[in-house]
Student: 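First, the structure itself, so that you have it in front of you.
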Number of protein chains: 2
Amino acid sequence: MSEKPTSKDILIEAASRLFRIRGYYGVGLKEIIEESSIPKGSLYHYFPNGKEELAIEAINHAKDLVLREIKHVFDSNDDPVKALQDHVYELSKLFGENGDLVGLPIGTIAGETYSTSEPIRLACQDAFTQWQSIYVNEFLDAGYSRERSKELSFAINALIEGGILLSLTAKSAEPLQAISKLIPSLFMNK
Amino acid sequence: MSEKPTSKDILIEAASRLFRIRGYYGVGLKEIIEESSIPKGSLYHYFPNGKEELAIEAINHAKDLVLREIKHVFDSNDDPVKALQDHVYELSKLFGENGDLVGLPIGTIAGETYSTSEPIRLACQDAFTQWQSIYVNEFLDAGYSRERSKELSFAINALIEGGILLSLTAKSAEPLQAISKLIPSLFMNK
DNA sequence: GTCTATACGGTGATAGAC
DNA sequence: GTCTATCACCGTATAGAC
């Protein structure tokens, strides 16, 4: 660990950041190699299947980042509802006003490619599923029924993806803040 | 009304449909003119600012469609909560399995362009705002406080945009159905 | 006002030198 | 293994014929 990052890692991180901000079709390979100062030939050495393969690794990279973040959120608070509420409030500060540089982790790519690239669609689906499985386990532990926990995991994921999109579009923290305030209502019935 | 559609209308409808499915950067002008059987020169006659201008009109077109749909939903049911629940359940049937041809009305374009085209970002923001203003008025009428109504309008919009994205990505009605079931919980506290 | 032909830069991808 | 040179194609946009 903590070795100096390989060319492959640098490419994945640059691609992940750019895809989040402008989506799959909105970013060219040229920009990715310029940003990472790695020649185009090397990209095809590491990713023989080109842009699609790079995108899948970039999606998995973003998935893992968010996964760690979600786990951390629940670890640092005994009450899962309060933990989620605080998490979304923190997101509102990240995505309001100057949130341009962050972007939707996966949503935009998913919306562009669900009908054109089955491998990318599956990578996005896998990310959503893994995030939600953390939610489900937390809600089960907190005493909600299995059915209710699963429904809640869909709703939380949709609220966060949708809320980030609204905040980015409005360049405002307000949408995510409103969502943060409403989260406890969702959990009224076990 | 009900005249035969002009070339401009045909272009807007084709663009709107394609942009919903693959986003702004995922669709080329070539495909739009092929689909609508209208020559490229005519496109620039009707939309001197090219793709960006066409996209803005396509967004407004999609916005109006959804706006009418939302109004209809509330008109056909006295209970706004039940109306929303039924609406999302109907959406689940539309976007599961064979929902490929429908696509996110505005979310994908918003996610791709919020940082690259200010005119398009504003058009998307306007769409979200207009949809939510319908929600706010309905919730006010139903007795919720102004603050709560506004929060709820953000949450409902995020749940629907996020839920459609999840259903498209999973090629399944399940995410939107789960969200439909949970909607009443959101409205427990006035 | 409608449509054809074309310009020209950028796209993802590849071959092969070092 | 790393990088350069180049490909064929597609992107948006435009000029100008009818």
Side-chain angles (χ1 to χ4, degrees), chain A residues 3-59 108-109 111-113 115-121 123, chain B residues 3-59 108-109 111-113 115-121 123:
Chain A
E3 299 288 325
K4 80 165 186 284
T6 66
S7 293
K8 192 175 181 182
D9 293 332
I10 294 172
L11 281 169
I12 291 174
E13 276 179 46
S16 181
R17 182 160 28 86
L18 290 169
F19 285 148
R20 279 200 302 262
I21 298 176
R22 290 204 304 287
Y24 181 73
Y25 294 114
V27 177
L29 292 185
K30 187 187 174 193
E31 202 175 350
I32 295 172
I33 60 164
E34 274 170 6
E35 178 119 351
S36 47
S37 305
I38 282 172
K40 189 175 288 194
S42 298
L43 189 153
Y44 279 90
H45 170 69
Y46 292 114
F47 306 96
N49 283 327
K51 192 182 187 184
E52 188 178 59
E53 186 178 355
L54 175 58
I56 290 170
E57 300 230 30
I59 289 165
T108 305
I109 304 183
E112 286 174 289
T113 61
S115 68
T116 54
S117 166
E118 195 64 3
I120 296 183
R121 182 187 74 79
Chain B
E3 299 289 326
K4 80 163 185 286
T6 65
S7 294
K8 192 176 180 181
D9 293 332
I10 294 172
L11 280 169
I12 290 174
E13 275 179 45
S16 181
R17 182 159 28 86
L18 290 169
F19 285 148
R20 279 201 303 261
I21 298 176
R22 288 204 306 286
Y24 181 73
Y25 294 114
V27 177
L29 292 185
K30 187 187 174 193
E31 203 174 348
I32 295 172
I33 60 161
E34 274 170 7
E35 177 119 352
S36 48
S37 304
I38 282 171
K40 189 175 291 194
S42 298
L43 190 153
Y44 281 92
H45 171 69
Y46 292 115
F47 307 95
N49 283 327
K51 193 182 188 184
E52 189 177 60
E53 185 177 357
L54 175 57
I56 289 170
E57 300 230 29
I59 289 166
T108 305
I109 304 182
E112 287 174 288
T113 61
S115 68
T116 54
S117 167
E118 195 64 4
I120 296 183
R121 182 187 73 81

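Chain letters run A, B, ... following the sequence lines, proteins first and then strands; every chain starts at 1.
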Student: Nearest 0.5 Å please: distance from the NZ atom of Lys40(B) over to the CD1 atom of Ile33(B).
Tutor: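 It is 5.0 Å, given to the nearest 0.5 Å.
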Student: Which residues pass the side chain to side chain donor-acceptor pair (under 3.5 Å) test with Arg20(A), sequence neighbours left out?
Tutor: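 So Arg20(A) forms a side chain to side chain donor-acceptor pair (under 3.5 Å) with Ser16(A).
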Student: Show your working on side-chain contact (heavy atoms from CB on, under 4.5 Å) between Phe47(B) and Ile56(B) and close with a plain yes or no.
Tutor: CA-CA 10 Å; Phe47(B) 307 95; Ile56(B) 289 170; over 6 Å; no
Student: Looking at Thr6(B) and Asp9(B), would you say the former's side chain and the latter's main chain have a donor-acceptor pair under 3.5 Å?
Tutor: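 Judged by distance alone, yes, a pair lies under 3.5 Å.
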Student: I need the residues from residues 33-50 of chain A with at least one non-hydrogen atom less than 4.0 Å from DNA chain C; give them sorted by number, or say none.
Tutor: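 Lys40(A), Tyr44(A), Gly50(A), in order of number.
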Student: Scan residues 18-28 of chain B against DNA chain D and write down, sorted by residue number, each residue with any heavy atom closer than 4.0 Å; if none is found, say none.
Tutor: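 Here the set is Val27(B), Gly28(B).
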Student: Does anything in residues 41-53 of chain A form a side chain to side chain donor-acceptor pair (under 3.5 Å)? List the pairs, not counting sequence neighbours.
Tutor: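 Output for this query lists Glu52(A)-Ser117(A).
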Student: Using a heavy-atom cut-off of 4.0 Å to chain A, what are the terminal contacting nucleotides of DNA chain C, in 5' to 3' order?
Tutor: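 In short, chain A contacts DNA chain C from dT11(C) to dT14(C).
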Student: Measure from CD on Glu52(B) to P on dG11(D) and round the result to the nearest Å.
Tutor: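 Answer to the nearest Å: 18 Å.
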Student: How many angstroms lie between CG in Leu54(A) and CD1 in Ile59(A), if you round to the nearest 0.5 Å?
Tutor: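 Going from CG on Leu54(A) over to CD1 on Ile59(A), the span is 9.5 Å.
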Student: Once you round to the nearest 0.5 Å, how far does CZ of Phe19(A) lie from CD1 of Ile32(A)?
Tutor: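 One finds 4.0 Å between CZ of Phe19(A) and CD1 of Ile32(A).
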Student: Roughly how many Å is it from CG in Leu29(B) to P in dT12(D), rounded to a whole number?
Tutor: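 Going from CG in Leu29(B) over to P in dT12(D) covers 4 Å.
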Student: Mind jotting down which residue pairs meet the salt bridge (charged side-chain N to carboxylate O under 4.0 Å, His left out) criterion with at least one end in residues 23-34 of chain A? Sequence neighbours excluded, please.
Tutor: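 Non-adjacent pairs meeting salt bridge (charged side-chain N to carboxylate O under 4.0 Å, His left out): Arg22(A)-Glu31(A).
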Student: Would you say the side-chain atoms of Glu112(A) pair up with the backbone N or O of Tyr25(A), donor to acceptor, closer than 3.5 Å?
Tutor: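 Yes.
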Student: Can you see which heavy atom on Ser36(A) is nearest to which on Leu11(A), and at what distance?
Tutor: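 Heavy atoms of Ser36(A) and Leu11(A) come nearest at OG-CD2, 3.4 Å.
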